[in-house]
Protein chains: 2
Amino acid sequence: MNSTRKLIRHERLQHILHDNPFMTDEQLAKTLKVSVQTIRLDRVALGIPELRERTRDMAEGAQSKLRAIDKKDIVGELIDLELNKVGISTLKITPDMVLEKTGVARGHYMFAMADTLALAVVDAQTALTGVANVKYKVPVYAGANLVAKAEVTNRRDDKYFICVRIKNNNEEVFRAKFIVVSLDDERKQAE
Amino acid sequence: MNSTRKLIRHERLQHILHDNPFMTDEQLAKTLKVSVQTIRLDRVALGIPELRERTRDMAEGAQSKLRAIDKKDIVGELIDLELNKVGISTLKITPDMVLEKTGVARGHYMFAMADTLALAVVDAQTALTGVANVKYKVPVYAGANLVAKAEVTNRRDDKYFICVRIKNNNEEVFRAKFIVVSLDDERKQAE
DNA sequence: CAGATATTATGAGCTGGTACTAAAAGCAGG
DNA sequence: CCTGCTTTTAGTACCAGCTCATAATATCTG
């Protein structure tokens with residue numbers, strides 16, 4: 001068959017674009033030693049959009065990626081928040097969060113979830129975790145939908161005492177107590 | 001002065017493009033109710049590249065961003081390890097690990113560093129964190145080179161008591177006590 | 001050799017611009 | 001009011017990097 005060459009070229013084309021998505025048809029034509037028109041036909045056959053569209057797709061993906069990183073301020077998704085009282089967030093455990101050997105979720109994801117929620121609950125410009133008391137009760141596996149609930153149990157001056165419980169299917173899998181220190185000077189003086 | 005209008009427009013232009021970088025000059029002209037040429041002049045004056053270039057810049061930035069996320073999985077670098085006795089690891093705090101507001105490193109990076117080191121020290125096929133007791137002593141800022149030292153202080157059956165201290169320039173910034181449970185046998189996790 | 005498939009060539013048209021020239025509009029001072 | 005200045009708008013030529021359509025050539029295959 002003549003078309004084996006074509007198939008090979010298609011493979012190579014996809015490979016090349018995977019490694020370097022910013023190549024024009026002209027550059028591709030040179031590296032694959034065919035005409036520009038052939039490249040265009042190949043792209044159409046493979047459903048590969050033109051350079052500009054590829055670039056735009058990546059840039060748009062970048063935006064959501066950047067937002068995702070921003071949102072990591074709260075590890076998990078903030079569902080409900082009553083400042084200085086309670087906060088609720090959720091987090092889905094994905095396969096990349098678990099230890100390979102055991103399939104059990106790495107502990108610091110739960111810690112991070114609880115820690116960030118605790119900080120979010122505190123109504124202060126800047127807050128820092130001072131002390132934490134953590135207990136893992138039940139191992140969590142990939143696919144679990146965790147729900148964290150943080151409650152401010154006490155407050156003394158600039159210190160907030162916060163209790164966070166994480167549940168998976170109504171079973172408490174994690175519990176932590178945090179002491180969060182507010183660094184909001186104005187607030188301290190105002191009260 | 002007539003040029004106040006221009007300055008205001010420049011401000012608005014930058015704002016608009018910050019929120020939505022994917023606008024053509026034509027769209028910008030409509031939203032700002034001026035001609036396309038004016039927009040072009042404004043872009044030149046402000047050093048803002050054309051749409052395609054902006055898009056490409058973002059797409060390129062996206063690639064390095066993705067790599068950065070991959071690397072985050074390694075929480076610290078293991079320097080020394082004596083199984084069931086001590087372990088030492090290092091971690092450099094990069095600007096993306098700090099809270100924007102304060103510039104202070106997010107607490108769970110230290111926690112994750114300590115947690116993974118504690119688990120590494122335990123000579124067991126599979127180990128899980130059961131309980132943690134954490135204290136943040138000094139805020140850490142970007143650029144800090146943290147050194148964590150984990151010591152097994154006690155051992156009872158399948159439970160390891162581990163103390164982890166993290167120092168920055170010989171100053172102790174973080175301390176945690178973990179109870180790690182080995183799952184070598186069929187034992188269930190800590191209670 | 002005919003016929004199918006693959007490749008190349010050619011040209012018109014599109015988007016979103018740059019670069020340059022020039023004209024019109026807006027305002028200020030003498 | 002006219003003169004000079006900045007600002008804004010308009011218009012033209014040109015470019016990259018395509019799409020779409022149409023046609024010619026090359027290559028293989030039975």
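In what follows, chains are A, B, ... by sequence order, proteins preceding strands, each numbered from 1.
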Treating [X] as the side-chain partner and [Y] as the backbone partner, does any N or O pair qualify as donor plus acceptor under 3.5 Å?
{"X": "A:Asp157", "Y": "A:Lys159", "answer": "no"}
{"X": "B:Asn20", "Y": "B:Phe22", "answer": "yes"}
{"X": "B:Tyr136", "Y": "B:Gly107", "answer": "yes"}
{"X": "A:Arg54", "Y": "A:Met23", "answer": "yes"}
{"X": "A:Thr153", "Y": "A:Phe161", "answer": "yes"}

So do the side chains of [X] and [Y] get within less than 4.5 Å of each other, counting heavy atoms only?
{"X": "B:Val164", "Y": "B:Arg175", "value": "no"}
{"X": "B:Phe174", "Y": "B:Val134", "value": "yes"}
{"X": "A:Lys167", "Y": "A:Asn170", "value": "yes"}

Between [atom2] on [N] and [atom1] on [X], what's the gap in Å once rounded to a whole number?
{"X": "B:Arg5", "N": "C:dG26", "atom1": "CZ", "atom2": "C1'", "answer": "8 Å"}
{"X": "A:Arg56", "N": "D:dC18", "atom1": "CZ", "atom2": "C1'", "answer": "12 Å"}
{"X": "B:Leu46", "N": "D:dT7", "atom1": "CG", "atom2": "P", "answer": "13 Å"}
{"X": "B:Phe22", "N": "C:dT15", "atom1": "CZ", "atom2": "C1'", "answer": "17 Å"}
{"X": "A:Leu7", "N": "C:dT5", "atom1": "CG", "atom2": "C1'", "answer": "13 Å"}
{"X": "A:Glu26", "N": "D:dC15", "atom1": "CD", "atom2": "P", "answer": "14 Å"}
{"X": "A:Glu53", "N": "D:dT19", "atom1": "CD", "atom2": "P", "answer": "9 Å"}
{"X": "A:Lys6", "N": "C:dT8", "atom1": "NZ", "atom2": "P", "answer": "11 Å"}

Q) What are the two closest heavy atoms between A:Thr129 and A:Phe178, and how far apart are they? A)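 Looking at all heavy atoms of both residues, the shortest contact is CG2-CD2, 3.7 Å.
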
(Q) Suppose we call a contact any N or O donor and acceptor under 3.5 Å apart; does that hold for the side chain of A:Arg52 and the base of D:dG17? (A)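 Yes, the side chain and the base share a sub-3.5 Å donor-acceptor pair.
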
Q: Please state whether the phosphate of D:dT8, meaning OP1 or OP2, lies under 4.0 angstrom from any side-chain nitrogen or oxygen of B:Arg9.
A: yes

Q | Residues touching DNA chain C, which here means a heavy atom under 4.0 Å, drawn from residues 10-17 of chain A | A | none

(Q) Within residues 28-43 of chain A, which residues have any heavy atom lying less than 4.0 Å from an atom of DNA chain D? (A)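 Only A:Arg40, A:Arg43 qualify.
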
